[in-house]
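Remarks on the structure that follows.
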Amino acid sequence: LGNFKILLGSLVKDEKIDLALKIFSELQGSSLVPDTFVYNVMVNGLVKSNRIDEACKLMDSMKQLNLSPDLITYSSILDGLGKVGRLEEAFSVFTKLAEEGYEPDVVAYTSLMDVLGKGGKVNHALTIFRTMAKKKCVPDVVAYSSLIDSLGKEGRVEEAYYFFEDSKRKGCTPNVGLYSTLIDSFGKKGMVDRALDLYEEMQRKECLPNTVTFNNLISGFAKAGKVNVAEKLFEEMEHKGCFPDVVTYNILIDGFGKVGMIEEAESYFKDMKLKGVVPDVITFTSLIESLGKAGKVMNACELFDTMEEEGCSPN
RNA sequence: AAUUAUGGAAUUA
């Protein structure tokens with residue numbers, strides 16, 4: 001059974017859920033008795049593939065083996081329901097777990113908070129955050145990040161910043177994920193100076209920026225039309241040994257395209273291929289749109305025709 | 001003491 005767990009876990013991580021399901025059914029047909037742990041691996045795998053109905057069915061089928069879903073099973077399901085916008089059902093999973101006598105932990109609270117916050121119910125998420133603290137459940141960096149991200153996505157950046165400072169007061173050490181989250185919030189609001197302040201702060205505190213950090217910074221500047229700074233940051237990220245990915249290039253191609261600097265956009269397109277970063281459907285869409293708007297319709301059509309040979313199907 | 005693959009947070013058209 002231990003080997004099954006390791007195998008299924010790695011398949012789920014690689015998003016090979018169909019193969020995992022096949023092997024799981026072999027396990028069910030064998031003399032080995034699956035436990036809650038191995039069910040959790042599968043439930044989570046289905047959730048990650050957005051197959052929430054199957055995940056729920058699998059959870060329900062545990063009863064036949066006299067297994068009970070635990071806090072982890074419920075948290076996975078809650079998260080999955082929320083991600084597909086089924087907020088009420090997600091909430092009722094939280095209620096149910098409490099009714100069954102489980103004490104929600106920081107992960108269960110954060111899952112619920114995240115679902116509410118991303119589902120446009122930020123004030124409700126705030127309430128949950130406060131409830132959690134009252135229940136002596138200490139919010140960690142991920143809990144703060146989720147809340148800060150939700151506030152930021154609503155444009156409530158000063159509140160987001162308040163909670164960032166609050167996390168430090170309460171003894172949390174912001175990590176690269178938290179810094180990146182808040183940098184994104186400020187960037188999207190056009191407050192690029194605040195985003196830069198955070199970038200400097202994290203380096204003072206020896207928290208290393210990663211590709212997402214740079215992507216968020218670059219995106220903020222690009223969206224504000226400050227493509228020259230975006231370009232500088234791109235160079236800086238390469239100097240710091242942080243590799244640009246397809247998202248980095250997409251941001252730059254879109255940014256330069258939107259301000260009509262088509263040659264620069266095209267040069268990033270060349271550069272990415274040179275560096276082995278494979279363009280995706282977003283890359284092509286941005287560049288085609290920019291070429292079209294610049295009146296280079298022929299070039300746009302030609303680019304469209306190369307998509308298939310570059311292994312990218314138009315959507 | 002730490003580690004030893006089940007759940008929660010961040011980026012692009």
Side-chain angles (χ1 to χ4, degrees), chain A residues 2-14 20 34-45 47-48 55 59 69-80 82-83 90 93 97 104-115 117-118 125 128 132 139-153 160 167 174-185 187-188 195 198 209-220 222-223 230 244-255 257-258 265 279-290 315:
Chain A
N3 290 336
F4 269 102
K5 286 175 186 169
I6 291 169
L7 177 59
L8 292 172
S10 75
L11 289 172
V12 163
K13 208 174 164 192
D14 291 349
D35 57 9
T36 299
F37 186 106
V38 70
Y39 268 93
N40 287 347
V41 173
M42 297 309 298
V43 166
N44 180 240
V47 163
K48 290 271 145 67
M59 176 176 73
D70 61 11
L71 201 48
I72 294 182
T73 329
Y74 285 127
S75 301
S76 287
I77 295 283
L78 194 166
D79 179 49
K83 293 239 153 70
V93 170
L97 114 214
D105 62 6
V106 63
V107 177
Y109 275 115
T110 305
S111 304
L112 179 64
M113 229 177 35
D114 196 59
V115 157
K118 303 293 195 292
I128 301 297
M132 162 163 58
D140 61 8
V141 181
V142 178
Y144 274 105
S145 300
S146 167
L147 183 64
I148 287 167
D149 186 50
S150 298
L151 287 165
K153 287 199 161 68
S167 76
N175 63 10
V176 59
L178 180 44
Y179 275 108
S180 304
T181 300
L182 196 53
I183 284 173
D184 187 52
S185 303
K188 286 215 163 64
L198 288 164
N210 64 17
T211 300
V212 176
T213 319
F214 279 108
N215 289 351
N216 295 356
L217 267 176
I218 293 172
S219 175
K223 287 275 166 357
D245 62 9
V246 63
V247 177
T248 321
Y249 282 104
N250 289 350
I251 292 165
L252 287 160
I253 289 169
D254 176 63
K258 288 242 162 80
D280 63 11
V281 66
I282 298 179
T283 321
F284 283 102
T285 309
S286 299
L287 199 50
I288 289 170
E289 190 177 314
S290 298
N315 61 8

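All chains are named by letter (A, B, ...) in the order of the sequence lines, taking the proteins before the strands, and each is independently numbered beginning at 1. As the structure is a prediction and not an experimental result, all values here were calculated from the model.
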*A:Asn40 CG to A:Met59 CE distance, which is reported to the nearest 0.5 Å*: 10.5 Å
_Quick check on B:A9: is either OP1 or OP2 less than 4.0 Å from any side-chain nitrogen or oxygen of A:Lys153?_
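False: A:Lys153 side-chain N/O out of range (4.0 Å or more) of B:A9 OP1/OP2.
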*Establish, with yes or no, whether the OP1 or OP2 oxygen of B:G8 is under 4.0 angstrom from a side-chain nitrogen or oxygen of A:Lys48.*
yes
_Could you work out, with ring-ring contact (aromatic ring centres under 6.0 Å, His included) as the rule, every residue matching A:Tyr39, not counting sequence neighbours?_
A:Phe24
Among [options], the one nearest [X] by side-chain distance:
X        : options            : value
A:Val107 : B:A13, B:A10, B:G7 : B:G7
A:Asp254 : B:G8, B:A13, B:G7  : B:A13
A:Val142 : B:A5, B:A9, B:U11  : B:A9

Scan [X] against the nucleic acid and name what it touches under 4.0 Å (heavy atoms): base, sugar-phosphate only, or nothing.
X        : value
A:Val212 : base
A:Asp70  : nothing
A:Ser146 : sugar-phosphate
A:Asp245 : nothing
A:Leu71  : base
A:Asn175 : base
A:Ala222 : nothing

Mind listing the N/O atom pairs, protein and nucleotides 2-4 of chain B, below 3.5 Å?
none

*Taking the P atom of each, how far is B:U3 from B:G7, in whole Å?*
16 Å
